[in-house]
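Have a look at the structure that comes next, please.
Start at 1 with the first residue, then count along the sequence.
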Amino acid sequence: MNYLLRLFLIFALVFIWSAIQPKDYFTWLLEVFPAILGVLVLFFTRKTFPLTRLTYWLILLHGCILLVGGHYTYAEVPLFNWLKEVLHQTRNNYDKVGHFAQSFVPALIAREILIRKQVIYRPNWLPFLVLTICVFISVLYEFLEWLVAELSGESADAFLGAQGYVWDTQSDMLFATLGAILAFITLSKLHDKQLTNFK
């Protein structure tokens, strides 16, 4: 079986689970929409611009993070409720996992596109450009959260996931920034090895 088909089947199973009696269908739709959009983009680009296996696997992981958050809402994921109690935290921090992944995974996507499309000729600029792209994505998502909150009022509380934390937006962007940096530090060599298949 083609490995992309295997990845899609895993995603489809998690998607079906996520869609069965989520906490709130409006919040679920808001949370899983990026994953659905991502699957559509990957489907239409699978032949014209296939990605490395590492990047596809990370996209699947990110999609699953979104689907779990959509099912429970980011403020009520059971494992992180348990961690909140064990670690004496004041909030469920699953949303920080989501924002970390929101740049950890796009860092590899951006890196792959910039390298393969030969967008830059000086490799020293690559980390800066990847980080800039990822932080920009994070900022756009925070704007989206704000817009949804303005348009839908209290019904967006679960989507925002702030849980009363006044610095939620800033900490979300911090976790996204850390995700991009860590992805670059930890996965660049492995990513480069897989990119040789496209040269």
In terms of hydrophobic clusters joined by side-chain contacts under 4.5 Å, are L61 and F11 together? yes
* May I ask you to test the R111-L187 pair for a side-chain heavy-atom distance under 4.5 Å? => no
query: Do you reckon Y3 sits in the same ILVMFWY cluster as L108, going by side-chain contacts under 4.5 Å, direct or chained?
result: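 Looking at the clustering, L108 is in the same group as Y3.
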Checklist entry - Honestly curious: do V41 and I113 fall in one hydrophobic cluster under the side-chain, below-4.5 Å linking rule? => result no
query: Can you hop from Y56 to F43 via hydrophobic side chains spaced under 4.5 Å?
result: no
Subject >> Check: V135 and M173 side chains under 4.5 Å, non-hydrogen atoms >> reply: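 They are not in side-chain contact.
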Within the structure provided, determine whether L83 and Y94 are in side-chain contact (heavy-atom separation under 4.5 Å).
no
Between A19 and P22, the two heavy atoms sitting closest are O-CD, 3.4 Å
* Asked: Going from OG on S103 to CG on L131, what distance comes out if it is rounded to the nearest 0.5 angstrom?
  ->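 Nearest 0.5 Å value for the OG-CG distance: 8.0 Å.
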Shortest non-hydrogen separation from E76 to K23 and the atoms involved
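Scanning both residues, the minimum pair turns out to be OE1-NZ, 3.2 Å.
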- request: With sequence neighbours excluded, tell me which residues meet ring pair (Phe, Tyr, Trp, His ring centres under 6.0 Å) with F15.
  value: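 So F15 forms a ring pair (Phe, Tyr, Trp, His ring centres under 6.0 Å) with W28.
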Does T169 form a side-chain contact (heavy atoms from CB on, under 4.5 Å) with W146? I'd like the steps, not just the answer. CA-CA 10 Å; T169 298; W146 172 54; over 6 Å; no
* Grab the two heavy atoms, one from K96 and one from S171, that are nearest each other, plus how far apart they are. =>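 Where K96 meets S171 most closely, the heavy atoms are NZ-OG, 2.7 Å.
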_Before you tell me yes or no, could you show the steps for L129 and V119 under side-chain contact (heavy atoms from CB on, under 4.5 Å), namely the whole-Å CA-CA distance, both residues' side-chain angles and the distance that decides it to 0.1 Å?_
CA-CA 10 Å; L129 287 177; V119 175; 5.7 Å; no
Do the side chain of Q102 and the main chain of S138 share a donor and acceptor less than 3.5 angstrom apart?
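No, because the side chain of Q102 does not come within donor-acceptor range (under 3.5 Å) of the backbone of S138.
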Original post:
Side chains of W57 and T52: closer than 4.5 Å at any heavy-atom pair?
Top reply: no
Output for pair (D95 CG, I65 CD1), nearest 0.5 Å, gives 12.0 Å
- prompt: Which atom names give the shortest non-hydrogen contact between A75 and N92, and what distance separates them?
  reply: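 That would be O-CB, 3.2 Å.
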Value for CD (E31) from OG1 (T73), rounded to nearest 0.5 Å, stands at 8.0 Å
- Apply the test side-chain contact (heavy atoms from CB on, under 4.5 Å) to residues V97 and F80: give CA-CA distance (whole Å), side-chain angles for both, the deciding distance (0.1 Å), then the verdict. CA-CA 10 Å; V97 174; F80 283 76; 3.5 Å; yes
| When rounded to the nearest 0.5 angstrom, what distance separates CG in L178 from SG in C134? |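 Rounded to the nearest 0.5 Å, the CG-SG separation comes to 12.0 Å.
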Out of curiosity, does L67 fall in the hydrophobic cluster containing L37 (side-chain heavy atoms, cut-off under 4.5 Å, transitive links)?
->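 As far as the 4.5 Å side-chain criterion goes, L67 and L37 are not connected within one cluster.
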inquiry  = Show, in sequence, the C-alpha distance, side-chain angles and deciding distance for L51 and L42, and conclude whether the side-chain contact (heavy atoms from CB on, under 4.5 Å) test is met.
reply    = CA-CA 9 Å; L51 301 172; L42 293 176; 3.8 Å; yes
Practice task
Apply the test ring-ring contact (aromatic ring centres under 6.0 Å, His included) to residues W17 and Y72: give CA-CA distance (whole Å), side-chain angles for both, the deciding distance (0.1 Å), then the verdict.
Solution key: CA-CA 11 Å; W17 164 82; Y72 293 111; 5.7 Å; yes
Hey, is CZ on F33 packed in by over 12 heavy atoms from elsewhere, all under 6.0 Å?
->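 12 or below, so no.
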To the nearest 0.5 Å, atom CG of L182 lies from atom OG1 of T177 at 12.5 Å
Shortest non-hydrogen pair, L58 vs V105, comes out as O-CG2, 3.5 Å
* Looking at residues at least two apart in the chain, or sitting in another chain, which of them share a salt bridge (Lys or Arg N to Asp or Glu O under 4.0 Å) with R116? ->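 R116 satisfies salt bridge (Lys or Arg N to Asp or Glu O under 4.0 Å) with E112 once adjacent residues are dropped.
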| Euclidean distance, T55 OG1 relative to H62 NE2, rounded to 0.5 Å |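 H62 atom NE2 to T55 atom OG1 measures 14.0 Å (nearest 0.5 Å).
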Looking only at heavy atoms, the pair that brings G98 and Y74 closest together is CA-CE2, 4.2 Å
| query | Has F143 got more than 12 heavy atoms of other residues, nucleotides or ligands less than 6.0 Å from its CZ? | reply |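 Not more than 12 within 6.0 Å, no.
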>> A side-chain contact here means heavy atoms from C-beta on lying under 4.5 Å apart; do F104 and T186 qualify?
In response: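 Side chain of F104 against side chain of T186, heavy atoms only: contact under 4.5 Å found.
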Query - Parallel, tilted or perpendicular, as decided by the 30° and 60° cut-offs, for the rings of W125 and F128 - result: perpendicular
